[in-house]
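Structure, as structure tokens:
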2 protein chains.
Amino acid sequence: MAPIKIGLIGLSAEGSWASGSHLPALLKSPHYQITALQNRTEASAKKAVEKYDLPGQVACHSDVDSLVRDPNVDVVVVSVKTPEHYRLTKPALEAKKDVFVEWPLGANLKQAEELTALAKAQGVRNMIGLQGRQNPSVLKAKEMVAAGKLGDILGTTMFAYGVIMGPVTPVALEYELTFENGATLATIPTMHGTDALCFVLGEFKHLQATLANHQPKMPIVDPTSGKVLRTVDNDTADQVSITGTLLNGAVATIVYQGGQPPTEKGLYWEIRGTKGSLIIEGPNGLLEMFPTTLKFVEHGGQPEEIETEIAADWAYNVGKAWDAFASGGPGSVPTFEDALVRHRMIDAIHRSHERGTREAYL
Amino acid sequence: MAPIKIGLIGLSAEGSWASGSHLPALLKSPHYQITALQNRTEASAKKAVEKYDLPGQVACHSDVDSLVRDPNVDVVVVSVKTPEHYRLTKPALEAKKDVFVEWPLGANLKQAEELTALAKAQGVRNMIGLQGRQNPSVLKAKEMVAAGKLGDILGTTMFAYGVIMGPVTPVALEYELTFENGATLATIPTMHGTDALCFVLGEFKHLQATLANHQPKMPIVDPTSGKVLRTVDNDTADQVSITGTLLNGAVATIVYQGGQPPTEKGLYWEIRGTKGSLIIEGPNGLLEMFPTTLKFVEHGGQPEEIETEIAADWAYNVGKAWDAFASGGPGSVPTFEDALVRHRMIDAIHRSHERGTREAYL
């Protein structure tokens, strides 16, 4: 079968999420070929082609309309910052291209609803970057829960650090400090962890949430020198705490704090059942990016490490998602429909926080 | 100074909380003398005197009215199961005796309010068994927080196992399965941990709570043989999750699960500040009874164990509370007023759970 032709938006010669994850995953896969790039300028796209020594002919586009009209592109990949997702994804859908969009799908629920409806109307395949679902510990946990190894699920607690929203913010992430850009501790790190939790255990019947913003003024730093460049307004949370009841009756609690964890255990996720417990640990709450370990403890027994593959680099989970996309079939990869559930959850979290209410989102 | 004369209710020759905690603490202290016991029968009280070889003359009473009229008793200690607290404490207060009552003060808020008002009207000194406040890690954490070692407090998370409300219940604790007895996972283990948290960090401005009862039918077992004697109705929670905002602005999350922890870390409590974090760990959530460790992590540094005394037996924290009571002065020991705050919190937790609302209790 001829490889699927990828038009990639967001591959920078300076390095980026796309260069550390999509690029190695796509280059390694026999199923894909990068045939086009779109950057802000054609020169910048050409620079990326050279820098990464991309094989074959790669078209360099300077605007999205040109990329989506390229007949040599099957799938448009939107791997840029959240506030640009809607603007770049919509033309791809209108051009009936299949699409991959990084999580979150949009900067807000309205954008996510519109893109999901459009993707459905156009009948295109789509994938959302919730690749925590490909994390080997998460997949194994899901399998063990489904097989009844834990018995009935009683409760689950996830305690994690979100890395972003620490005491300073690097200049490239300054846009995350504006709530309406939709790229916050609550929408990105917390939702990657929460998506994995719901993937393994099912959705919340209802939830309550408490958020806090301790740094309404945030220092912006040069990431190389660490020098503070300026201090800007921040209207996003650096603490997120969610508790609620899952559809399966278990009480679920999720805590994401901003910044780097104080110890090497920046992710602690326990799932407790009537027969035993699972413990997933990692260096921080970004289980979609960083490797995790999995332990099983039968009641009264000793913790036993469950061997799984290790997602040692950022390309691992992303690559598995691309593999699943290539093998086709609905349900094999998270879609815009899955993203929409998560966007509705984000709105429920903020409603609960603002109103002090218990909220549902399904 | 002549020793303070103690009339102890609840010392059983078969062993009990009182024999493992109050008895050794009081016997060791130069400030106290046990002068009277009250048990269900005089014979049972005499048996306890013999069993523990109590020094001096110890009067043996078979009813509370007789004990509280005993002129040789300064302080009445109520160390029995929760549903009996009100019935036994009220006559002591009416007789203008100083009192110690195990936590919880009453089986419900109404009882706690009545006893607190009565103690105040009678002008007697009183102490409540919230001796987690004497836990050396807790005291040290409070001192470090107050001294600003952590900077501003951003968030705190306590994740613990409550030991009770596991898959079976020993026959002596069967009364804990009836909500109206007021001796549940939510009111006892969770409140000991929560009281310590609020002692260190201050009270909640408001909170939200989710509870669950996965075992409406509970097997009652003989603790020696492990044999199931019968299965009874249970209307109490085996999962408690609380999240909210403290008066200092930090987001606090507390999770107590029923039963024994799957690993040796049955208590994990982290306090995060702008300068550093504290980590308190223990074998389970009963930090008022079991020893804990304390670590400090300055931001960017390595966890450093903070040396404190070790509350190696159940008499340690209780003894420290008795020491504080003997040295006098208001504020040195938790009182009924402190208990009342906690009882109001319990009601707020249940209101929030039932109504899905954010609740305050101060």
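Basis for what follows: all heavy atoms, side chains included, without hydrogens, waters or symmetry-related copies. In what follows, chains are A, B, ... by sequence order, proteins preceding strands, each numbered from 1.
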Subject >> Part of A:H353 within contact of chain B (heavy atom distance under 4.5 Å) >> reply: both
Original post:
Looking at A:F199, is A:K142 sitting on its ring face, NZ or CZ under 6.0 Å from the six-membered ring centre and within 45 degrees of the normal?
Top reply: yes
Subject >> Step-by-step side chain to side chain contact (heavy atoms under 4.5 Å, CB included) determination, A:T253 to A:M158 >> reply: CA-CA 6 Å; A:T253 308; A:M158 181 181 274; over 6 Å; no
Original post:
Can you name the residues that form a side-chain contact (heavy atoms from CB on, under 4.5 Å) with A:A196, not counting sequence neighbours?
Top reply: A:V138, A:W269, A:L287
Original post:
Is it the backbone or the side chain of A:I153 that comes under 4.5 Å from a heavy atom of chain B, or both, or neither?
Top reply: backbone
Subject >> Smallest separation among heavy atoms of B:T194 and B:T190, with atom names >> reply: OG1-O, 2.6 Å
Original post:
A:S352 versus chain B, heavy atoms under 4.5 Å apart: side chain, backbone, both or neither?
Top reply: both
**OP:** Inspect the contact between A:E203 and A:R344 and indicate whether a charged nitrogen and a carboxylate oxygen are less than 4.0 angstrom apart.
**Re:** no
Original post:
How about A:H350 and A:F179: are their ring centres within less than 6.0 Å of each other?
Top reply: yes
Original post:
With chain A, which of B:D152, B:T274, B:T210, B:L211 has the greatest number of heavy-atom pairs at distances under 4.5 Å?
Top reply: B:T210
**OP:** Name the region of A:I279, side chain, backbone, both or neither, that has any atom closer than 4.5 Å to a heavy atom of chain B.
**Re:** side chain
Subject >> Proximity breakdown for A:T243 and chain B, heavy-atom pairs closer than 4.5 Å >> reply: both
**OP:** State, without any angle test, whether B:T178 and B:D235 hold a side-chain donor-acceptor pair at a distance under 3.5 Å.
**Re:** no
Subject >> Pair B:R342 + B:D195, salt bridge at N-O below 4.0 Å >> reply: yes
Subject >> Members of residues 354-362 of chain A whose heavy atoms come closer than 4.5 Å to chain B >> reply: A:E354, A:R355, A:G356, A:T357, A:R358
Original post:
So which part of A:P303 gets closer than 4.5 Å to some heavy atom of chain B, the side chain, the backbone, both or neither?
Top reply: side chain
**OP:** Identify which part of B:Q208 has an atom lying under 4.5 Å from any heavy atom of chain A, answering side chain, backbone, both or neither.
**Re:** both
